Amino acid sequence: MFSEQAAPTAQGLLAPPSAEPPTFPRVPVLGYLDCSQPFQLGERSFSRQYAHIYAVRLAGMRPGLERCARSQWGNDIVLRKLSELQAGEKCCVVGTLFKAMQLQPSILQEISEEHNLVPQPPLPKYIQPSDELILEDELQRIKLEGAIDVQRLVTGTILAVYGSEQDDGRFLVEDHCFADLPPPLPWNGPSSDRFVLLASGLGLGSVSGEALLSTQLLVDMVTGQLGAEGEQSCAAHIIRIILAGNLLSQNTQSRDTINKAKYLTKKTQAASVEAVKMLDEILLQLSTSVPVDVMPGEFDPTNYTLPQQPLHRCMLPLASAYTTLHLVTNPYQANLDGVRFLGTSGQNISDIFKYSSMDDYLEILEWTLQAGHISPTAPDTLGCYPFYKSDPFILTECPHVYFCGNAPHFQSKLLQGKEGQRVLLVTVPDFSATQTACLVNLRDLTCQPITFSGFGADNED
Amino acid sequence: MEQPRRITDSFPRRLRRRGAGRPPGRLKDKKDKKEKDKDQDKVQVKVRDCSRSPSQHPPDPALLEMLRRFDLSWEYGPCTGITRLQRWERAQELGLSPPGPIREALLEHRDNPDVTYRWVWDGMGG
């Protein structure tokens, strides 16, 4: 795709320089609309409890789920609330899922001194065979058993179960369904090749500088300073770059200085200061040439709770002079040339990974789309702002490109929905580990990885 | 015995804006007020909020009872942490059709903190 167009002109590098060097103007941006207003928080008030967000999530997703339940199990099924259940009657109940997990880190257990327990070390997965699923609606809760995969599901999912209540008070599930893909958006994509570069996990400020060469190669390729005329003309078709989180590395988060005495740490600078300066210089080189959207991630200097607010422009004095630099929120939604992009920096997917038996990031990404919610674990195990009016993470329209950042590998899949939805699912890999970024072609919704490896110690060259 | 003299005879009480307009000496804020303290607080309310129109009458207990029942009805979601008007509008947007007279009463008495604010349990905050 990208390189096939570039390859034939590679011989141009061996030719004498032409009298007038060819110029490749970058393809102009036809339309850009930022749709992430629901994720932008104005004034924040934390004096609320999280019951509101669960209540709004259930009330908001209930009509869609009832519709799905009727279409799947017939129009004549009985929809009941938990308080109206009768033993033995086959009915359908819509509610929020709660998974009672023994290994789930609990702050109460940690601070409980009478147990004299050492706090549990962070595990890659917290699932156990003894986990139980409980369905809750507005008033009651009931244990679920039967044809439902306990290990796979996570807390906070809204689903509809079909079955009957047993004599011992548990609900025997015969079938269950999720909200399914949201209604499709009309397709207004471009008719010629236009590429969007997705990269995440630049990891600046880390101890090893190996990824810096790859980052510089990425910048040089996009700004057209790399390759022969073929590569440069291809790079001119890149209309946008989206940096999906973790611009700073985890090393910048070290809290050693907090425990040391002040007089020892007076002259030391936080590691993130140097890293942000590097980020500023990289973004300066990028924004002189192409529009850049910068999303914050887990280790970036912004708030911890989802939705993460944009980085402040005072941190990037050189780059923010350019209007091509857009600092955006963590779940980010935008219309690029008629194609709807929606994505996160990966915290939601990695949180589901920890509490579910699903191992594949692409599978989890597809599952969140089927469940109709970007991050169902949000207030439970992932920090979230206490919304009260509406849950902005509910998927109301089906995006054309749905991505998540900081995945272990690159994967992509084109999903076809029942109502004609076409979604390209992309897991953007961690650039500091894999040196790979993704190029999405907006014309036909295909995606290809592009790797910038430098010369490693074990390479032969 | 002559009437006990008060210091306010020599130094008349002046209205002073203190924080959110609380009278001096009250350490706890209005979250602690219960309905039966309404009469006690009315004196302070008069001193505190002089800027309010004098024709505004206090809401009658039947209205407050109706609002309390609106708070406790589970159909419209949790009631703590948000004002009653916010809860009413949220219920409206979710299509739960909350009763109209409640909204009119809330808008009519929007200055009265007993009416607008979230219903709190005795002694605890929202």
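Note that this is a predicted model, so its numbers are computed, not measured.
The number of heavy atoms from other shown groups lying within 6.0 Å of CZ (B:F11) does not exceed 12. Heavy-atom neighbours of A:D168 CG from other residues, nucleotides or ligands within 6.0 Å: above the threshold of 12.
Atoms OG1 and OH, from B:T80 and A:Y388 in turn, are 13.5 Å apart once rounded to the nearest 0.5 Å. Interatomic distance, CD1 of B:I82 versus CZ of A:R48, reported as 7.5 Å (0.5 Å rounding).
Of all heavy-atom pairs between A:K389 and B:R90, the closest is O-CG, 3.8 Å.
For A:L139, the part lying near chain B is the side chain, with the backbone staying farther off; criterion is any non-hydrogen pair under 4.5 Å.
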